[in-house]
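Within every chain, numbering begins at 1; the chains are lettered A, B, ... in the order of the sequence lines, protein sequences first and strands thereafter. Any value given below was found using the heavy atoms of this structure, including those in side chains, with hydrogens, waters and symmetry copies removed.
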Amino acid sequence: AQKVTQAQTEISVVEKEDVTLDCVYETRDTTYYLFWYKQPPSGELVFLIRRNSFDEQNEISGRYSWNFQKSTSSFNFTITASQVVDSAVYFCALSEETSGSRLTFGEGTQLTVNP
Amino acid sequence: EPEVTQTPSHQVTQMGQEVILRCVPISNHLYFYWYRQILGQKVEFLVSFYNNEISEKSEIFDDQFSVERPDGSNFTLKIRSTKLEDSAMYFCASKGGRRYTGELFFGEGSRLTVL
């Protein structure tokens with residue numbers, strides 16, 4: 001069975017600090033996909049990144065970077081030089097090939113960036 | 001940029017009433033989903049739909065729920081007899097491409113309040 005754990009329920013930082021959101025997953029599949037979504041206060045879910053299990057390259061997109069490590073079943077997300085607009089709930093999610101295309105979400109991490 | 005649209009944005013209903021939530025997925029997408037998020041909790045999979053039939057459903061998606069794609073553009077979720085615990089944000093999502101790959105694009109959600 002697939003499972004996603006985001007141990008950090010809430011994180012509060014001051015603007016311009018770097019912050020890392022942790023995500024640990026469990027799966028028996030060798031083929032799977034990992035995602036991060038952002039949910040701002042307005043409530044919608046905004047796609048940030050997708051990673052497949054065969055691609056362990058880290059990725060950087062502007063101030064965002066992702067560290068995928070299969071050895072520790074982790075897919076952590078770092079925001080560099082955080083801004084107030086980064087305040088949101090961030091969800092990590094997993095999709096296994098054998099369980100179809102359903103996404104299993106973690107509990108989410110509420111990030112608050114204070115000015 | 002194409003987007004998933006949902007109506008209504010907020011619906012208040014009495015317990016026992018039928019509710020229909022509507023979604024217009026992105027036009028060239030083939031896979032459609034409903035997810036639910038109870039306030040303050042994680043996002044949970046309800047059902048996926050492909051080729052005019054349900055491809056997967058979760059244990060939450062019991063006989064009170066049904067989905068339909070009545071006219072090739074709309075994708076609806078019906079709750080036959082609402083219960084208090086159905087109060088949640090309901091997200092529609094769609095996906096193009098192959099079943100096991102690609103990101104889901106979510107709508108802005110429909111908040112259902114059952115009194």
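- For B:E108, the CD atom is loosely surrounded, since the number of other residues' heavy atoms within 6.0 Å does not exceed 12.
- Atom CG of B:L104 is separated from atom CZ of A:R102 by 12.5 Å, given to the nearest 0.5 angstrom.
- Atom NZ of A:K3 sits in a sparse spot, with 12 or fewer heavy atoms from other residues, nucleotides or ligands closer than 6.0 Å.
- Heavy-atom contacts from other residues, nucleotides or ligands closer than 6.0 Å to CG of B:D62 number more than 12.
- Of the inter-residue distances, the one linking A:C92 atom SG with B:K42 atom NZ reads 11.5 Å to the nearest 0.5 angstrom.
- In this structure, no portion of A:Q6 lies under 4.5 Å from any heavy atom of chain B.
- Atom NZ of B:K57 sits in a sparse spot, with 12 or fewer heavy atoms from other residues, nucleotides or ligands closer than 6.0 Å.
- Using cut-offs of 30° and 60° on the angle between ring planes, the pair B:F106 and A:F105 is perpendicular.
- Residue-environment remark: CG (B:L115) exceeds the threshold of 12 foreign heavy atoms within 6.0 Å.
- Annotation: maximal heavy-atom pairing with chain B below 4.5 Å, among A:Y32, A:Y37, A:F91, occurs at A:Y37.
- Applying the 6.0 Å contact sphere to CG of B:L84 captures more than 12 heavy atoms from other residues, nucleotides or ligands.
- Annotation: the span from A:E44 atom CD to B:M89 atom CE amounts to 9.0 Å, rounded to 0.5 Å.
- Residue B:Q37 comes nearest to A:Q39 through the heavy atom pair OE1-NE2, 2.8 Å, listed as atom of the first residue, atom of the second, then distance.
- Hydrophobic clustering keeps B:F75 apart from B:Y31 (ILVMFWY residues linked when any side-chain heavy atoms are closer than 4.5 Å, directly or through intermediates).
- Taking CD of B:E44 as the reference point, atom OG1 of A:T104 lies at 10.5 Å (rounded to 0.5 Å).
- At a cut-off of 3.5 Å, with distance as the only test, no side-chain donor of A:E107 or B:Q41 sits close to an acceptor on the other residue.
- Using a distance-only test at 3.5 Å, with no hydrogens or angles considered, a donor-acceptor pair links the side chain of B:Y35 to the main chain of A:L103.
- Counting heavy-atom pairs under 4.5 Å between each of A:L45, A:V4, A:T31 and chain B puts A:L45 at the top.
- Residue A:Q57 qualifies as open at atom CD: its count of foreign heavy atoms under 6.0 Å is 12 or below.
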